[in-house]
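In what follows, every heavy atom counts, from backbone to side chain, and hydrogens, waters and symmetry copies are set aside. Letters A, B, ... are given to chains in the order of the sequence lines, protein chains preceding strands, and every chain is numbered from 1.
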Number of protein chains: 2
Amino acid sequence: MEDRASDKPTRPNLAAVAALAGVSPSTASLAFSGAGPVSDATRARVLAAAEQLNYGGPDPRAQSLRRGRSGIVGVVMEDRLREAFRDPMNIAMLDGLADELGTAGLGLLLLTEPGSGGPELSVAPMDAVVLVGCSTQLDKSVVALHQRGIPVVAIEAEHMPDVLSIDLDNRDATATAARHLQQLGHSRVALVTLPLEPTHARGELTEERIAGSTAFTSKERIRGARDVFPSIGGVVAAGSSVEEGLIAGRELLAADRPTAVIAQSDLLALGVIRAAEELGIRVPDDLSVVGFDGVRIEGAAPYELTTLVQPAVEKGRAAGVAIVELLAGGSPAPRGFTSEFRVGNTTAAAR
Amino acid sequence: MEDRASDKPTRPNLAAVAALAGVSPSTASLAFSGAGPVSDATRARVLAAAEQLNYGGPDPRAQSLRRGRSGIVGVVMEDRLREAFRDPMNIAMLDGLADELGTAGLGLLLLTEPGSGGPELSVAPMDAVVLVGCSTQLDKSVVALHQRGIPVVAIEAEHMPDVLSIDLDNRDATATAARHLQQLGHSRVALVTLPLEPTHARGELTEERIAGSTAFTSKERIRGARDVFPSIGGVVAAGSSVEEGLIAGRELLAADRPTAVIAQSDLLALGVIRAAEELGIRVPDDLSVVGFDGVRIEGAAPYELTTLVQPAVEKGRAAGVAIVELLAGGSPAPRGFTSEFRVGNTTAAAR
DNA sequence: AAGTCTTCTCGAATCGATTCGATCGATTCG
DNA sequence: CGAATCGATCGAATCGATTCGAGAAGACTT
């Protein structure tokens, strides 16, 4: 305790512990990691020395340099946290992902798209990266990651070379819902889509916007709707929330209103229903509404949304499994998930 | 030349780039970081060499070792992600935190309490840690962090030495709400509390459980209620959600029911209201309900909860600011936030 | 007693970059 | 014209640990 009074204000390192214990640094390392044959007596001496020096164990920074692994997986979401976490889908997915990664001892580093002022995607010590519903603008970042040899998994994103895809049948699923409406006799159908641009601008759904959009999921679902209703139009929401659905709904239902609405998320769908309620339009009698995701929303009662139930947790879990495999040197196959069409009480025959 | 020989399957490093560019590693480093005087010509040569070698820039792992900083801040939440993110409070707080840290270029690493199978709190290369509503069981982990010289900020946690506290007036706020009920003439009042143990067990609120509890926020709020109603009892929920509130409410309202309920979160409060609806008990006529948090909940209409509005985003932001200051070598002062009592339409005079 | 194994420990190289002080040439000042 | 100055570049030490091959000491066989 009195050994080195004040001439060593520096934090102890493994070498100091080893010196105090009278062993070499290599032996001390072995004693801590337990990765080699060390006599009990020696280990005890090392541990005692560590305690005396108030040494908290090997420095993770040094370990990650030496081992070439940091135990950290980056998750890039396109929105601000507040936006992204508003939708239960994202949370469910993140939960599956965290669960799978957690058991592998990997931590989750939250990142946002470059340029949003957050931590730079390229300077974080990550072992792998998950892209969640990200725009295609990430191309350059992905390239940078590849130069580093960091594997990339993308959930619902445009296919990119050397990026493992975890997909959802967005197009087919939406087409199924659209066909359902068609069979119910609806022909004046409108869309409420998720944001099409990184700016999250509201507004009418135009061909130009679709063409210029970087939002993969959104576009796929539009395609699905158009497989059935080729000229379907609608409005673009600024996010996935009930409020946005409400705003979109008010606009859609103001004049010359459709008999059915395809919303690209359950939250949006609920918002549209709220707008209908405001205007005295009955759902499903006067207006049919379908959603997407299949989340249970508090306060949706008495409505049971007609929607597409997607396996959100499973998607995240699959991404986690893929990452663990990739880090182990394997080459997992891409996965595609399918949504299940669930008929609720928000769609009915057109009148 | 011998550049593209196949005997080098290894990833290029700064030294290789420097060699190809015909400069020393130190100069190459300067060229990348821009932290020193380097001629334009040299920088260009280095960059060209990097491109030719497909070098993606300095390795973050090595940088963090050398600099002693990784740019990562750990966030420890007591629950599983799915649990924690269910409550809008946590998300709001996280948003404030992420916002503040993001502008400082710091990333957010999601961690769970030790023992929950997640990544070990002690092996992640973090510069600082935020504890969010964590139990006091973290003592040992906190000690370990301190040995490493990692500053710790705790949001609503029992005070610990060398841990910067960001607090909320949980006790006083709850007392204010309780007094409100008292003034309305209520005397048979019951509590619905947040979980008291890490196991998240439901059940009756007993003295033993309170005494053995590790949940700081929950206990503080109980104290506040008891400042007004010394012998108040109630039930413990297994989490902060409408479903849990519903379960708790059913139990509380089954027999010998109280005339008012103090729920420890808005979600729980809404659940209690739902339970009352089920049983044909009118709120606020037959039952007064107060919540805590002041979040806008979808589907709460027509109820306007009487609740305590807490500055969640600000709490997170304050933690972020504190961390940035701590990392800059400063010593920020602890902060205490106060909640604002907001009277809605869920409380009324006792009959 | 010589020889073969084990078991434990050590030395030295390595991971990839940063940074401080020194050097060297060229320009400028007195 | 010699000296002081300045900009650009380099060398070498350093951050803190891991790992592999080698060596030493003891246990066991024959």
Check nucleotides 24-28 of chain C against the protein and report each pair of N or O atoms closer than 3.5 Å, with its distance, or say if there are none.
none

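- Put simply, the residue from Ile150(B), Leu106(B), Leu109(B) that forms a side-chain contact (heavy atoms from CB on, under 4.5 Å) with Val73(B) is Leu106(B).
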When Watson-Crick pairs (N1 to N3 and N6-O4 or O6-N4) and G-U wobble pairs (N1-O2 and O6-N3) count only below 3.5 Å on both distances, what is the dot-bracket string of DNA chain C, with | for other-strand pairs? ||||||||||||||||||||||||||||||
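- The heavy-atom pair separating Pro58(B) from Phe32(B) by the smallest distance is CD-CD2, 4.1 Å.
- Judged as a side-chain hydrogen bond (donor to acceptor under 3.5 Å, both in side chains), not a single pair has a partner in residues 321-337 of chain B (not counting sequence neighbours).
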Sugar-phosphate atoms are those with a prime plus P, OP1 and OP2; base atoms are the rest. Using that split, label each nucleotide of nucleotides 8-14 of chain C B, S or - for protein heavy atoms under 4.0 Å, 5' to 3'. SBBBBBB
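- Closest of all the heavy-atom pairs between Ala312(B) and Met89(B) is CB-CE, 3.1 Å.
- Across all their heavy atoms, Gly316(A) and Ile155(A) have their closest contact at CA-CD1, 4.5 Å.
- One finds a salt bridge joining Arg317(B) and Asp99(B) here, because a Lys/Arg side-chain nitrogen approaches an Asp/Glu carboxylate oxygen to under 4.0 Å.
- Side-chain polar atoms of Ser29(A) and Ser26(A) form no donor-acceptor pair below 3.5 angstrom.
- Between Asn90(B) and Phe85(A), the closest side-chain pair of non-hydrogen atoms is not below 4.5 Å.
- The salt bridge (charged side-chain N to carboxylate O under 4.0 Å, His left out) analysis of residues 36-47 of chain B, with sequence neighbours excluded, yields no pairs.
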Got a list of side-chain donor-acceptor pairs under 3.5 Å for residues 123-132 of chain B, not counting sequence neighbours?
unit_1: Asp127(B); atom_1: OD1; unit_2: Arg61(A); atom_2: NH1; d: 3.0
unit_1: Asp127(B); atom_1: OD1; unit_2: Ser70(B); atom_2: N; d: 2.8
unit_1: Asp127(B); atom_1: OD1; unit_2: Ser70(B); atom_2: OG; d: 3.2
unit_1: Asp127(B); atom_1: OD2; unit_2: Ser70(B); atom_2: N; d: 3.1
unit_1: Asp127(B); atom_1: OD2; unit_2: Gly71(B); atom_2: N; d: 2.7

